[in-house]
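A quick write-up on the structure given underneath.
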Amino acid sequence: QVQLVESGGGLVQPGGSLRLSCAASGSILNIDHMGWYRQAPGKQRELVATVTSGGSTNYADSVKGRFTISRDNAKNTVYLQMNSLKPEDTAVYYCNALRVLSIARRSDSWGQGTQVTISS
């Protein structure tokens, strides 16, 4: 229903920065939350940050003060600015979109993932 395409991943040294982008297409009406999750080797996928259509944000404690999520509703695009990157930030980062059709009907969509590697 919703297609998500990520870009911006790569290899960066500790202390560096990256900016991830995720563009939504398809059934984009009623998208509420958009956000970023990540999965490191040997670990479960975890929430990084989310933003609602109204601009309310939520961050994992591990990235507060370093990462900033933003959203351009007109472009159906969500961004993740990552600063002061640490080796523990190394993971595959996935874009997520939550489409709310009713109180009881919600649909999650996921991007293909983009690799972020922090290494000296």
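- Looking only at side-chain heavy atoms (C-beta outward), P87 and P14 come within less than 4.5 Å of each other.
- Considering only heavy atoms from C-beta on, L4 comes within 4.5 Å of M34 through its side chain.
- In this structure a side-chain-to-backbone donor-acceptor pair under 3.5 Å is missing from T57 to V51.
- In terms of modelled atom types and a separation under 3.5 Å, the side chain of S56 and the main chain of G54 share no donor-acceptor contact.
- Counting heavy atoms from C-beta outward, L98 and R106 have side chains that approach closer than 4.5 Å.
- Under 4.0 Å is where a charged nitrogen must lie from a carboxylate oxygen, and between R38 and D89 at least one such pair does.
- For the side-chain contact (heavy atoms from CB on, under 4.5 Å) with L20, the lone residue among V78, I69, V116 that qualifies is V116.
- For the pair H33 and T52, the tightest heavy-atom approach, listed with the atom from each and the gap, is NE2-CG2, 3.5 Å.
- The two residues Q81 and S17 have their closest heavy-atom pair at NE2-CB, 4.0 Å.
- Proximity of Y93 to L80: side-chain heavy atoms (C-beta onward) are separated by under 4.5 Å at one or more points.
- For the residue pair T90 / E88, no side-chain donor-acceptor distance below 3.5 Å is found, with atom types taken as modelled.
- For the atom pair OG1 (T50) and CG (N96), the distance works out to 9.0 Å, reported to the nearest 0.5 Å.
- Judged by the 6.0 Å and 45° rule, R71 forms no cation-pi pair with Y79.
- For the pair A49 and Y59, the tightest heavy-atom approach, listed with the atom from each and the gap, is CB-CD2, 3.6 Å.
- The distance from atom CG of N30 to atom CG of D32, rounded to the nearest 0.5 Å, is 9.5 Å.
- The heavy-atom pair separating I31 from A24 by the smallest distance is CD1-CB, 4.3 Å.
- Rounded to the nearest 0.5 angstrom, Q3 CD and S109 OG are separated by 7.5 Å.
- No side-chain N or O of D72 forms a donor-acceptor pair with one of T77 less than 3.5 Å apart.
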| message | Would S84 and F67 count as a side-chain contact (heavy atoms from CB on, under 4.5 Å) here? Give the steps. | response | CA-CA 8 Å; S84 302; F67 291 10; over 6 Å; no
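- For residues 94-120, every residue pair satisfying the ring-ring contact (aromatic ring centres under 6.0 Å, His included) rule, not counting sequence neighbours, is listed here: Y37-W110.
- For the 3.5 Å distance criterion, the side chains of Q112 and E6 qualify, holding a donor opposite an acceptor.
- Residues V2 and R99 meet the side-chain proximity criterion, which asks for heavy atoms closer than 4.5 Å.
- With hydrogens and angles ignored, the 3.5 Å screen pairs no side-chain donor or acceptor of N76 with any backbone N or O of S25.
- Between L47 and N58, the closest side-chain pair of non-hydrogen atoms falls below 4.5 Å.
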